[in-house]
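Input: a single structure, listed below in structure tokens.
Atoms considered below: every heavy atom in the structure, side chains included; atoms not considered: hydrogens, waters and symmetry mates. Letters go in sequence order (proteins before strands), and every chain restarts at 1. Just so we're clear, the structure is a prediction, and the values are computed from it rather than from any experiment.
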There are 2 protein chains.
Amino acid sequence: MAKTGKPPATQDKLDFPRPLTMVDVVIFAVMESRLQVLLVKRPDAPGEPYPGLWALPGGFVDVDRDESLEACARRKLREKAGVEAPYLEQLGSWGGVSRDPRGWSATHVYFALIPSEHVMPQKGANAAEAAWFTLQEFDGRSRLAFDHMEIMQAAVTRLRNKVEYTSLPAYLLPEEFTLSELQRMYEVVMERPIEKSAFRTRVLSSGLVEPVRKMREGPNRPAQLYRLADPVHPVVFTRTIKTRTD
Amino acid sequence: MAKTGKPPATQDKLDFPRPLTMVDVVIFAVMESRLQVLLVKRPDAPGEPYPGLWALPGGFVDVDRDESLEACARRKLREKAGVEAPYLEQLGSWGGVSRDPRGWSATHVYFALIPSEHVMPQKGANAAEAAWFTLQEFDGRSRLAFDHMEIMQAAVTRLRNKVEYTSLPAYLLPEEFTLSELQRMYEVVMERPIEKSAFRTRVLSSGLVEPVRKMREGPNRPAQLYRLADPVHPVVFTRTIKTRTD
DNA sequence: TAAGTTAGTTGCACAGTAGCACTAAGATAT
DNA sequence: ATATCTTAGTGCTACTGTGCAACTAACTTA
């Protein structure tokens with residue numbers, strides 16, 4: 001490891017070319033009973049790659065302002081979406097010679113879930129034009145900048161997988177919610193209906209939620225409100241939700 | 001996104017400071033019925049951080065040789081461990097101002113499982129001094145370079161979690177193996193015994209393996225040999241392995 | 001032929017869930 | 001008041017994969 005005749009390492013100096021380093025965030029929210037992703041429009045300025053195309057919110061790491069990758073991701077979240085995300089996890093990283101015309105680049109991608117109530121009044125902050133897209137809008141040929149389509153697909157896959165055995169959909173809801181509302185979040189993400197009775201026992205016997213002394217009032221029977229017993233740690237179930245005849 | 005007065009982006013140029021970019025690999029193998037990790041010794045050359053300490057195999061991305069992050073990880077695997085890993089997944093990335101004295105740095109960490117048969121005859125390749133360590137050897141105060149202790153713990157946690165509901169331990173075995181050998185890999189990683197009968201039905205009914213027309217001969221009853229039905233894709237089970245009274 | 005060891009099977013109990021029918025509590029219409 | 005609608009919430013049964021324990025099978029060595 002001491003002396004490979006190549007650029008990296010221990011040439012006594014650090015004067016070899018460095019890749020560009022960025023952070024991008026895939027931000028999910030459920031609006032109008034659809035899973036949606038926040039995208040921003042690439043600037044049209046000269047020299048900018050993929051001008052005018054939609055891209056994941058993100059950008060270069062700022063070595064002077066960002067303490068760490070996660071801090072950088074939270075900054076992007078604030079700047080682009082104007083929110084503190086109740087759930088943020090690392091999705092992975094994508095890097096290579098050809099993903100950005102400006103040169104070898106690597107992006108660290110995070111994955112956030114936010115309640116639709118937290119969504120800013122559209123196009124806020126200092127972010128460029130921003131908009132929410134349903135997943136169906138990408139089935140066609142609509143391109144995204146860079147390899148962001150691939151990244152977004154990976155994020156959706158990860159979310160769909162985790163929904164089967166974790167409590168992640170709870171982070172798509174406000175602090176207090178009913179069990180029916182929680183069930184609907186699961187159904188929206190999984191894109192299939194689940195059994196009410198089984199779902200309720202599953203959730204209640206797991207200790208995921210605790211009741212608050214309030215009811216959700218509506219046109220019909222009032223529903224018990226709950227909140228997360230431990231908002232910081234998602235619950236992992238020991239069984240997946242069974243898919244019908246599959 | 002067009003004009004923040006800060007270093008990154010669209011200052012018309014890309015002349016802002018870039019973090020150091022590296023790739024590290026956590027390589028697991030089971031030897032002597034213990035889960036072990038491959039580490040390399042940091043060089044003693046002047047200017048090198050953490051001289052003489054043990055570290056994860058890895059290093060800087062070489063923008064001229066490495067096509068992508070994963071290609072870079074495979075290169076490190078070849079150079080340091082002298083193997084092609086049958087299983088390689090991304091673990092995550094760690095980055096920040098303070099993790100490397102040479103400046104803001106980010107490392108992309110991969111996670112490999114290899115059969116102990118693939119293990120090189122010790123200290124091979126152009127790698128510096130390398131050695132296998134059992135996990136117990138870190139319970140004490142033995143330090144690792146950089147934040148590699150934290151990274152290694154994360155890798156172990158990820159592996160232990162995934163063992164509960166995937167077929168990952170199969171990649172710690174050679175191409176052909178018996179069910180008892182597979183069970184032993186699970187037990188070594190989980191550090192607890194599991195039921196033979198339940199394990200066999202679980203594995204056999206999942207389609208994970210297919211029998212080959214050979215038997216493992218030994219001092220006792222010969223055992224049926226199997227191989228992975230699909231060596232590329234690990235199997236995901238719908239239930240975790242139940243832990244006794246827990 | 002008996003004993004030891006590992007491979008592999010069988011049968012039963014248990015737990016979490018799917019499926020479905022039922023009751024409960026509110027609003028609204030008659 | 002009473003019926004009807006809608007959503008909340010419960011009870012019951014069946015099924016499936018697993019945990020558990022005892023059993024049989026195949027081979028070696030004494």
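One interatomic measurement links the two molecules: CD1 of A:Ile194 to P of C:dT17, which rounds to 11 Å at whole-angstrom precision. Between the P atom of D:dG19 and the OH atom of B:Tyr186 lies a distance of 13 Å, rounded to the nearest Å. Here the P atom of nucleotide D:dG9 and the CG atom of A:Leu204 are 9 Å apart, to the nearest Å. Between A:Leu182 atom CG and D:dT7 atom C1' there is a gap of 16 Å when expressed in whole angstrom units. Atom CD in B:Gln183 sits roughly 13 Å away from atom P in D:dC20 (whole-Å rounding). The distance from atom NZ of B:Lys196 to atom C1' of C:dT9 is 9 Å, rounded to the nearest whole Å. To the nearest angstrom, P of D:dG19 lies 8 Å from CD of B:Glu195. When rounded to the nearest whole Å, the span between CZ of B:Phe199 and P of C:dA7 equals 12 Å.
The CD atom of B:Glu89 sits 10.5 Å away from the OH atom of B:Tyr110 when rounded to the nearest 0.5 Å. Between A:Asp24 atom CG and A:Ser93 atom OG the span is 11.5 Å, to the nearest 0.5 Å.
The residue B:Arg216 sits apart from the nucleic acid: no heavy atom pair falls under 4.0 Å. Counting any heavy atom pair closer than 4.0 Å across all strands shown, B:Gln224 reaches sugar-phosphate atoms only and no base atom. At a threshold of 4.0 angstrom between heavy atoms, the contacts of A:Arg200 include nucleobase atoms, whether or not backbone atoms are also involved. Residue A:Ser197 is classed as a base contact, given a heavy-atom separation below 4.0 Å to a base.
Just one residue in the list A:Arg202, A:Arg192, A:Lys242 forms a salt bridge (charged side-chain N to carboxylate O under 4.0 Å, His left out) with A:Glu164, and that residue is A:Arg192.
Aromatic pair B:Phe177/B:Tyr226: centroids not less than 6.0 angstrom apart.
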Apply side-chain hydrogen bond (donor to acceptor under 3.5 Å, both in side chains) to B:Thr134 and B:Glu137, showing your working. CA-CA 6 Å; B:Thr134 67; B:Glu137 300 181 64; 3.2 Å; yes
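Between A:Arg221 and C:dA24 there is no side-chain polar atom (N or O) within less than 4.0 angstrom of OP1 or OP2.
Each of B:Arg239 and B:Glu217 lies near DNA chain D, and the nucleotide nearest B:Arg239 is the one positioned closer to the 5' end. For A:Ser205 and A:Asn220, each mapped to the nucleotide of DNA chain C holding its nearest heavy atom, the one lying further toward the 5' end belongs to A:Ser205.
Considering only the side chain of B:Ser180, C:dA7 comes nearest among D:dG19, C:dA7, C:dT17.
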